[in-house]
Amino acid sequence: MGRIIDATGIQFRMLNTRKGPAVQAPRAQADKQGYRLRMKSVVENQPGLMVQQGTVRKLLIRDRKIFGVETDLGYRYGGDAVIVTTGTFLKGLIHVGLSRFPGGRAGEPPAVELSDNLRSLGFIIGRLKTGTPPRLHGASIDFKDLVLQKGDPDPHPFSFSTKTIQREQVPCHITYTTPRTHEIITKNLDRSPLYSGRIRGVGPRYCPSIEDKVVRFPDKERHQVFLEPEGLDTEEIYANGISTSLPFDVQKELVQSIPGLSHARIMRPGYAVEYDYVSPLQLFPSLETKIISGLYHAGQINGTSGYEEAAAQGLIAGINAVQAIQGRSPLVLDRSEAYIGVLVDDLVTRGTEEPYRMFTSRAEYRLLLRHDNADLRLREKGYRIGLVSEEEYEAFQEKKERIGRELGRLRKTFVFPIADVNEVLEAEQSAPLRNKTSLFHLIKRPELDYAKLAPLDPTRPKLNRGIRSICEIEAKYDGFIQRQTAQVKRYREMEGIRIPEGIDYGMIQGLSREVVEKLERIRPASIGQAGRISGVTPAAISILLIFLKNRRSRIG
Amino acid sequence: MTANLSDQDTICSISTPPGQGGIGIVRVSGSQALSLARKVFVDGSGRRLKSGRGYTIRYGKIIDPETRAVVDEVLLTVMRAPKTYTREDVVEINCHSGVVIVRRIMELMVSLGARPAEPGEFTKRAFLNGRIDLAQAEAVMSLIAAKSDTALRIAMQQLGGELSLRMKGLKEKLLHLLAEVEVSIDFSEEDCHPIGSAILEKRVREILDDLGGLIETGRQGKFIEEGLVTAIIGKTNVGKSSLLNRLLMEDRAIVTPFPGTTRDVIESTVNIEGIPFRFLDTAGFRYSEDPVEKEGIRRSRNSIEKADLVLMLFDLSSRPNEEDRKIARLARGKEVVLIFNKKDLVDDEKREKEFYNELIEEIRPKATVSTCLLHENGVVKLKSVLSGLVFQGGSGFNESVVVTRTRHLHALEEARKALNRVMQHSQEGMSEEFLSLDLREALDAVGRITGETVSEDILNEIFRSFCIGK
């Protein structure tokens with residue numbers, strides 16, 4: 001996916017460049033058709049993969065184990081593992097104003113029978129809602145007076161394997177809603193399916209419709225609208241920021257009340273879609289369902305919002321389906337290893353009541369989960385399960401070794417409090433040295449960085465940007481990284497105390513009924529996970545620890 | 001709450017019931033127990049603890065490693081793992097009883113890295129390390145459950161109305177600040193203005209003030225920790241030193257029948273029903289040209305200034321005069337207990353009333369006690385009046401007050417340390433995610449008192465306060 005967005009992205013920007021490395025994040029706008037077609041071709045050309053299309057109406061189950069699926073044509077596909085990724089299609093219902101019609105996406109029919117089939121198997125079904133903004137015709141927009149937002153001049157690729165971004169970059173534009181826009185919305189709220197009570201699914205608070213924003217934040221005078229090209233071969237513009245389910249005529253009026261859009265033509269109206277999801281508390285951290293062996297759920301069916309969250313789960317479910325078939329233990333990333341670990345753990349431990357989206361603030365060990373060290377965190381694991389080629393792995397090993405060597409060198413290379421050195425420091429407005437100091441230590445000064453120390457470090461080897469930057473980060477934020485590493489150690493100790501499957505929590509003396517009920521439902525895999533279940537108190541954890549200890553000593 | 005679950009820390013607690021008693025015991029268990037003891041203990045001949053051989057008792061002193069001040073004379077018992085109650089290294093410090101000393105030692109251990117033990121934690125470790133069997137542990141289990149599940153509730157009750165409100169306010173302020181910091185990280189593309197470092201530092205300073213106040217407040221808590229500073233004032237020769245002696249039951253202050261003997265301020269601590277009263281015996285007030293006496297009077301004024309409570313003595317054997325009024329005026333705005341002495345010389349209710357009416361224009365006394373200090377008459381009553389003032393009719397300390405308070409103070413101190421780091425890093429120009437790390441730590445610490453988890457709260461606060469989303 002990283003490689004394909006690198007090949008088809010039309011605008012790359014690094015977010016939060018004014019902040020530290022842990023919260024900087026690369027972002028790309030996709031050429032939506034370009035991305036889709038490229039990915040389709042990759043998938044079609046993947047050896048060992050057979051691509052078939054159809055609408056599944058039923059899962060084939062024997063003795064609580066899946067053996068295939070049946071389509072609406074009555075055709076059966078067999079398989080030892082099945083991954084269900086329904087997007088917004090499960091009983092999808094589209095709303096535009098007070099009109100509504102079944103659909104998973106505009107123009108595409110929903111999956112109705114599968115939802116009922118899942119319910120009948122014992123899955124707990126909930127209802128969520130999401131929305132899209134109208135798509136405008138680019139030629140009808142007056143971009144002249146709008147704020148231009150360009151991509152980065154030196155775009156940062158998503159994949160470690162991509163050397164440079166080749167594709168042409170296009171700008172976005174920013175405009176704002178006006179008091180008139182808000183007036184139009186307020187006046188027409190009685191025709192909004194959200195405010196007339198027609199939509200019952202829960203929408204995401206982080207991505208509200210424009211009518212939601214106007215109602216909930218009446219003091220805010222204007223709201224931002226990003227005008228984003230949908231691709232290089234289309235005139236369509238995605239009006240990001242005014243997601244709406246108001247009637248088409250109101251959409252037209254509100255769009256035209258926005259500067260730059262007074263003559264804008266809507267090619268496709270915005271809409272809201274309600275859809276079914278299955279409680280993620282019914283999943284193991286492998287994303288296999290607890291009640292049907294071999295059945296995996298990934299993406300919006302687990303209550304997450306789109307894109308990255310779905311991709312992350314698809315990857316994990318796919319890996320673990322294969323691991324299971326090959327008789328190997330599942331790959332579970334923990335909260336200190338990857339955002340994927342945070343995502344999956346949140347879902348299977350705490351569940352979700354609104355479309356779940358990843359935020360860096362959800363990750364306790366955020367300073368360790370950086371894009372610059374993604375390969376250092378995960379490539380080893382990828383290699384072990386066969387997802388990383390020998391060639392890539394060797395390159396990775398070499399990179400790792402270089403980083404280790406350079407960090408060692410920085411620690412062992414000292415500069416001394418002599419005039420030459422202090423002159424260099426003075427030029428950088430940095431205090432003169434009083435004692436001999438390692439380069440590693442010197443980089444920590446806020447006003448200094450790796451590059452600025454070059455004059456004091458004549459024996460420095462030639463290294464590429466990635467390695468230089470990771471060494472700089474490791475040295476500069478050493479104190480913070482050490483603090484987080486200590487936190488991770490404590491966290492791992494608790495994760496390491498496993499709770500055997502099949503424990504009867506009702507038999508444990510001293511646990512309250514509420515706690516027993518939660519533990520029975522979620523069946524945590526470790527003491528650490530149990531402690532993150534809302535309502536499970538530290539006292540309950542003490543009791544669990546005592547119980548486990550006793551159980552072990554009885555067995556042992 | 002992850003950190004709370006860890007069994008790897010070294011824990012400590014006060015193992016004796018609070019209040020009066022012969023000795024107090026602070027017990028420390030865990031891998032650091034011995035090295036902590038080495039930092040604070042010197043034996044009778046001034047040597048550090050070296051070998052730490054098991055099953056030995058040593059006489060010596062506990063010393064604050066930072067100030068070098070002697071905290072108390074103690075007996076130190078060293079028990080080496082695995083033959084101990086918890087099967088870990090255990091050190092027990094037998095010190096003098098009295099809330100201040102025991103707490104000071106406990107806090108010293110905490111400041112050096114031990115953690116206040118959870119209720120039942122020594123026993124829990126004993127079980128987990130295989131020292132006691134399940135039947136024994138199960139008895140403790142219900143204890144653990146009962147204690148910790150109700151501990152927070154009890155603690156909040158004990159903290160009292162105003163304090164618990166302030167705790168809540170503190171948490172809300174922290175949460176809001178954290179939301180402001182986080183919103184600029186996760187939603188940097190949004191149209192909300194990031195909080196500038198000047199505003200952030202101002203807010204942190206406000207919270208630090210709150211926190212400082214909170215740490216200092218809690219009348220009982222403060223008195224337990226520092227003692228209640230009590231100034232004894234009155235005309236010369238009215239019996240101030242006799243009063244102190246009666247309270248001390250020892251001859252610390254010099255008591256003579258000549259006016260102006262006590263020229264210095266003498267401080268003595270008396271434990272009354274578990275509350276340490278720090279009595280300041282002041283020079284008598286007599287306007288004099290003698291420079292030594294003048295200096296004594298100046299110091300007395302200072303004593304009144306810093307006192308939490310003023311005991312004001314009057315001599316019933318003479319009529320109230322202008323000097324008595326002047327003395328009363330000095331203690332304006334202070335909490336005052338009136339003591340009418342030399343009752344034996346005038347058995348006359350009228351004289352008391354005369355005094356009372358004369359003084360009431362200047363002060364509003366909390367209580368009045370009539371005594372004859374020469375005969376120890378009324379001292380018992382005075383003591384009960386004094387302790388009653390602190391407990392406000394309550395029945396004294398029970399164990400959980402002290403246990404929960406120690407943990408609360410610890411948590412509040414951690415919050416303060418974390419916020420000081422936020423200030424420092426903000427001044428160094430560090431970006432939001434680093435500030436967030438310590439803001440979270442502060443919030444986590446506060447959450448340990450209020451019993452709430454915070455991670456979901458942050459997002460809720462962001463979505464409540466900011467219009468987020470494209």
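Lettering follows sequence order; numbering is per chain, from 1.
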Counting only heavy atoms closer than 4.5 Å, note whether [X] contacts chain B via side chain, backbone, both or neither.
| X | answer |
| --- | --- |
| A:Gln484 | side chain |
| A:Gln149 | side chain |
| A:Arg532 | neither |

Distance from A:Arg27 atom CZ to A:Phe12 atom CZ, nearest 0.5 Å? 11.5 Å

Looking at A:Tyr491, is A:Arg335 sitting on its ring face, NZ or CZ under 6.0 Å from the six-membered ring centre and within 45 degrees of the normal? no

Using a 6.0 Å distance limit plus a 45 degree cone around the ring axis, check whether A:Arg357 lies over the aromatic ring of A:Tyr307. no

Who among A:Arg18, A:Arg366, A:Glu447 has the most heavy-atom pairs with chain B under 4.5 Å? A:Arg366

Do the two ring centres, one from A:Phe480 and one from B:His425, sit under 6.0 Å apart? yes

